[in-house]
Each structure stands twice: as structure tokens, then as C-alpha cells.
Number of protein chains: 2
Amino acid sequence: MQYIEIKDSIVEQIGSGVLKAGQKLPSERQLSESFGTTRVTLREALSILEANGMIFREDRRGWFIASPRVCVPVNQFRELSEFIPDSLSYQCELVSADTTMASKAINDIMALPPFSKIHSVDLIHKINDRPVGFVTYWIAEAVCTDLIRQLETRCDLLNIMSPVLDLLEHSKQISVMVKGLEGEIAVKLRATAGTPCLFERRILYQEEQVAFVETTYWRHDSVQLI
Amino acid sequence: MQYIEIKDSIVEQIGSGVLKAGQKLPSERQLSESFGTTRVTLREALSILEANGMIFREDRRGWFIASPRVCVPVNQFRELSEFIPDSLSYQCELVSADTTMASKAINDIMALPPFSKIHSVDLIHKINDRPVGFVTYWIAEAVCTDLIRQLETRCDLLNIMSPVLDLLEHSKQISVMVKGLEGEIAVKLRATAGTPCLFERRILYQEEQVAFVETTYWRHDSVQLI
DNA sequence: CAGTGGTCTAGACCACGGA
DNA sequence: CCGTGGTCTAGACCACTGC
């Protein structure tokens with residue numbers, strides 16, 4: 001199995017420090033020539049490293065060396081920024097935020113009464129300018145009437161909502177699994193369709209009713225849930 | 001993108017009930033011919049379905065339709081058997097169990113005093129006769145001196161240790177991430193090297209010392225952590 | 001033993017990223 | 001506009017599974 005040797009060779013280069021976090025690998029054609037093989041076989045080797053989170057791909061941009069995973073708390077509702085080591089930069093990008101009638105997809109999870117309105121917010125976590133997490137919030141309007149306006153000037157949604165979240169904390173439901181990225185979310189995370197990712201969903205209840213849903217797709221090389 | 005159409009076509013077949021959970025797909029050569037394409041492109045489509053946990057691969061055995069994910073509690077130390085729906089069968093297979101001096105790999109995590117002995121136990125969770133989880137336990141000998149002997153007749157380790165675990169529960173450390181399967185574990189889970197899996201580690205402390213380490217590699221299509 | 005999946009070759013074209 | 005990664009073709013051989 002030639003691709004195992006290629007993989008090991010690249011692992012060694014990373015371990016020895018010749019290849020550093022964030023650095024771009026040479027082009028697939030160059031690499032396959034260096035290893036005396038074809039692109040198909042080379043890509044097999046890269047896929048294994050990708051599955052292990054040692055390298056990652058940005059769609060049509062190439063392959064890069066991954067940084068060590070950032071720890072993300074799954075049981076606390078705290079801003080990700082608090083968990084980023086000083087050596088890395090962090091930025092949160094607001095993708096969209098508005099208040100609308102619940103769609104079918106939302107109602108499948110929230111089971112709201114007819115004509116309920118919810119806040120729907122999408123945002124992206126960026127570490128060292130790389131998008132690593134795509135988050136969607138669905139929040140019953142009554143829970144935080146002023147949310148959208150506040151997001152116009154800041155995007156630390158969990159901070160904004162922290163008083164509310166503290167109240168709801170007692171009945172939460174968390175779910176974590178692996179999913180493949182698809183569609184808009186894949187594009188926003190600069191991933192190709194089908195890239196496996198870590199999927200996390202947190203639901204908070206208020207009087208038996210779903211009040212708060214957070215859904216995050218994490219680039220799996222970037223985070224570790226704690 | 002031809003492989004997207006192929007993927008969608010298979011998704012539809014699964015949705016419509018023509019393909020049922022556990023069922024084997026036709027051979028890659030047959031499928032690629034039906035779709036009028038090559039094996040490479042067909043495998044691209046299958047890989048996306050695999051990343052989404054809709055189908056899974058058993059090394060050299062073929063492709064199968066996945067069952068819905070089983071919920072696995074990550075915050076409680078309860079036997080998996082309690083969480084298996086009645087429609088599925090569950091079995092726990094003891095791979096190895098013995099008491100030895102801690103190796104380097106173990107000490108990197110447990111940081112034990114010199115010459116400490118630990119119980120080292122490997123076991124496999126099987127659902128419907130399919131191995132879906134490979135678990136390794138490292139347990140300080142003093143914590144449960146009689147463990148190995150008890151495992152000779154039963155393999156519900158968490159039940160056996162439940163009184164101890166209840167005592168240690170107050171200081172636990174949990175970590176979840178995606179990893180690629182490799183080596184013996186890949187073989188035992190009938191997976192090919194590099195298959196992404198859900199990796200879970202739970203550590204319990206006793207008086208600032210690591211007393212209990214549980215490491216699980218889950219086939220990602222099979223489980224959802226809650 | 002037949003057929004399968006795993007691995008590999010040697011090309012090709014296209015759309016997109018970045019200069 | 002060049003080079004890149006994404007996609008695809010049409011084969012091939014081998015080791016293993018399951019009969």
C-alpha cells in the first residue's frame with residue numbers, strides 16, 4: 001500500500017517541523033511527481049491525513065497543515081473566544097440575522113404553536129482567518145425580543161443571551177455526531193461537499209417548550225469538544 | 001457533478017424503502033454499470049453517503065445501508081446495552097484483559113508513579129453482529145483489584161465498576177473529536193484505514209491522580225452522543 | 001474458485017483561485 | 001491568464017471473502 005508510505009512520509013515532515021501549521025502543501029501534481037505516483041494515489045494518502053485532522057483542504061485552494069485542535073466546551077454556553085489560545089486569532093462573522101415565521105425545518109425540531117415567530121441567526125467562527133464553524137441559532141422571539149437589534153453592533157450572541165441561557169440551563173439536550181458537509185454550509189466553510197465534520201446540537205427548553213436551538217458544523221480538524 | 005446525481009439517486013432508493021437498513025448494496029462494478037460510469041466516480045458518490053452515515057463499508061465485504069444512529073450517553077457511566085432499541089441486538093465482546101505495568105502510551109495520559117500497575121481492558125460493542133465501537137480501559141489497579149477475574153464471566157465493565165465510578169464521578173474530563181481509524185482497531189471494526197470515526201475519551205480522577213481512562217472509537221454512522 | 005473490493009496507472013477536461 | 005484542484009475515463013492487478 002503505497003499511499004500508507006506517502007502518508008507516513010508526510011507525517012514525518014510535519015513531526016520534524018519542516019511543515020508548519022497553516023502552511024500550504026505543494027500542488028498535488030508536484031507531490032505526486034515527488035513520490036513517483038499518480039494524483040489518485042497521492043490523494044488517497046492526503047485523505048487519510050485529512051481524516052486524522054493533520055491536514056485540511058480548502059475547496060480549490062489546496063491542502064494545508066492543521067493547527068492543534070481548539071477545545072470547545074459543549075456543556076457550557078460560553079463564547080468561543082474565551083477558549084482560543086493567545087497564539088491564534090479569533091473572529092466571529094455574522095452571516096444573517098432576522099426574525100421570521102418558523103419554517104418547516106425549524107418546526108420539525110422546535111414544534112412551535114402556529115404563527116410563532118423566531119429569531120434565526122447564522123454565524124461563522126474564524127480562527128486565523130479560516131472559517132472553522134458554522135452556527136445556526138433558532139430562538140423563540142419571546143425569549144429575547146431585542147436580539148436582532150443588538151446583533152447589529154456585536155456578534156457575541158451567547159454573551160448577549162447569557163442571562164436567559166442561565167435560566168434555561170436546567171433543561172438542556174445535547175447531541176453530537178459526524179455528518180458530511182453539503183450545500184451552502186460547505187461553501188461557507190470552504191470545504192468540498194462530503195467532507196466529514198463534527199455536528200453539535202444544543203437545545204434548551206422553557207416550560208416543556210423548545211426555546212433555543214443551536215446547531216454547529218465544526219471542521220473536524222479544528223476542534224475537540226470537552 | 002455526476003456523483004451528486006448518483007448519490008441523490010441512492011438516497012431516494014433508501015428513502016423510498018427499496019433499500020433497507022443492514023442490506024448490502026450491489027457490487028461496485030454492477031452499480032457503476034447501472035449508472036453508466038466508472039468505479040472511481042461511483043465510489044465518490046458512495047463516499048459522500050458514507051460521510052453522512054447513510055451507508056457504511058466493511059473492509060472487502062462491500063457497502064451496506066446504515067441503521068438509524070443509537071444514542072450513547074457521554075455524561076453517564078451506563079452500559080450501552082441500556083440504550084439499544086428493542087429492534088436491534090446487542091453484544092459485548094471481550095478482546096483482552098490483563099494487569100500489567102503501565103506502558104509509555106498509558107503513562108503519557110495517566111502520569112502514574114513508577115512501577116504502578118494497571119488493568120488494561122479492550123472490548124468491542126456489537127450491534128446486530130456488527131462491531132461499532134472499540135473501547136480501551138486503563139484502570140489503576142488499586143481502584144478495583146478484582147476486576148480482571150470478574151471479567152472472566154461477564155463483560156459489563158461499567159456495571160462491575162459502578163460503585164467506584166459513582167465515587168469518582170465528581171471530577172471527570174470528557175473529550176470528543178473525529179479521528180481516522182488505523183491498524184488493529186480499524187481491523188477489529190472491519191473498517192479500512194482512514195475511515196473517519198467518532199473518538200471519545202473519558203477520564204476520572206481520584207485525589208488529583210488519574211484513576212480511570214476510557215477511550216472509544218465509534219463507527220460514526222452508528223452512534224450519536226448525548 | 002469466482003467475484004469482490006482495495007489499490008494503482010496514465011491520462012483527460014473544466015471551472016475556479018490568485019496573480 | 002496560468003496553474004490548480006475537482007471530476008472523470010478506461011483500464012489493470014492483487015488479496016481477500018464467501019461459496
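Quantities reported herein were computed from a predicted structural model and do not represent experimental measurements. In what follows, chains are A, B, ... by sequence order, proteins preceding strands, each numbered from 1. Heavy atoms only: backbone and side chains are in, while hydrogens, waters and symmetry mates are out.
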Criterion side chain to side chain donor-acceptor pair (under 3.5 Å) on Arg39(A) and Ser32(A), from CA distance to verdict: CA-CA 5 Å; Arg39(A) 273 178 73 204; Ser32(A) 53; over 6 Å; no

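Aromatic ring pairs are classed by plane angle as parallel below 30°, tilted from 30° to 60° and perpendicular above 60°; the pair Phe64(B) and Phe56(B) is parallel.
Here Ser27(B) lies in heavy-atom contact (under 4.0 Å) with sugar-phosphate atoms only.
Taking atom CD on Glu50(B) and atom P on dG6(C), their separation rounds to 9 Å, with Å as the unit. Between the P atom of dG6(D) and the CG atom of Leu42(A) lies a distance of 12 Å, rounded to the nearest Å. We find that CD of Glu33(A) is positioned 12 Å from P of dA10(C), with the value rounded to whole Å. Here the P atom of nucleotide dT17(D) and the CH2 atom of Trp63(B) are 17 Å apart, to the nearest Å. At whole-Å resolution of the value, CD1 in Ile6(B) and C1' in dC8(D) are 10 Å apart. In this structure, Arg57(B) atom CZ and dT17(D) atom C1' are separated by 16 Å, rounded to whole Å. Nucleotide dG5(D) holds its P atom 5 Å from the CD atom of Glu28(A), rounded to whole Å. If you take CD of Glu5(B) and P of dT7(D), they are 13 Å apart, rounded to a whole angstrom.
The shortest distance between the side-chain N/O atoms of Gln2(A) and the OP1/OP2 oxygens of dG6(C) is not below 4.0 Å. At the phosphate of dG18(C), OP1 or OP2 sits under 4.0 Å from a side-chain N or O atom of Arg61(A). In this model, the phosphate group of dT7(D) is approached by a side-chain N or O of Tyr3(B) to a distance below 4.0 Å at OP1 or OP2. The shortest distance between the side-chain N/O atoms of Thr37(A) and the OP1/OP2 oxygens of dC8(C) is not below 4.0 Å. For Gln30(A), no side-chain nitrogen or oxygen approaches OP1 or OP2 of dG3(D) to under 4.0 Å. The phosphate of dG5(C) has neither OP1 nor OP2 within less than 4.0 Å of any side-chain N or O from Thr192(B). Remark: Thr41(A) is in phosphate contact with dT9(C), judged by side-chain N or O atoms under 4.0 Å from OP1 or OP2.
Where Asp59(A) and Pro26(B) meet DNA chain C, the nucleotide closest to each residue was compared, and Pro26(B) sits on the side nearer the 5' end. When the nearest nucleotides of DNA chain D are assigned to Arg60(A) and Arg39(B) by heavy-atom distance, the more 5′-ward of the two goes with Arg60(A).
Taking the ring axis of Phe199(A) as reference, the NZ or CZ atom of Lys179(A) stays within 45° of it and closer than 6.0 Å to the ring centre.
Neither side chain, Thr41(A) nor Gln2(A), offers a donor N or O lying under 3.5 Å from an acceptor on the other.
Here the side chain of Arg43(B) is nearest to one of dT7(D), dA10(C), dT7(C), namely dT7(C).
For Lys104(A), the salt bridge (charged side-chain N to carboxylate O under 4.0 Å, His left out) criterion is met by Asp108(A), not counting sequence neighbours.
A donor-acceptor contact under 3.5 Å is formed by the side chain of Arg29(B) with the base of dG5(C).
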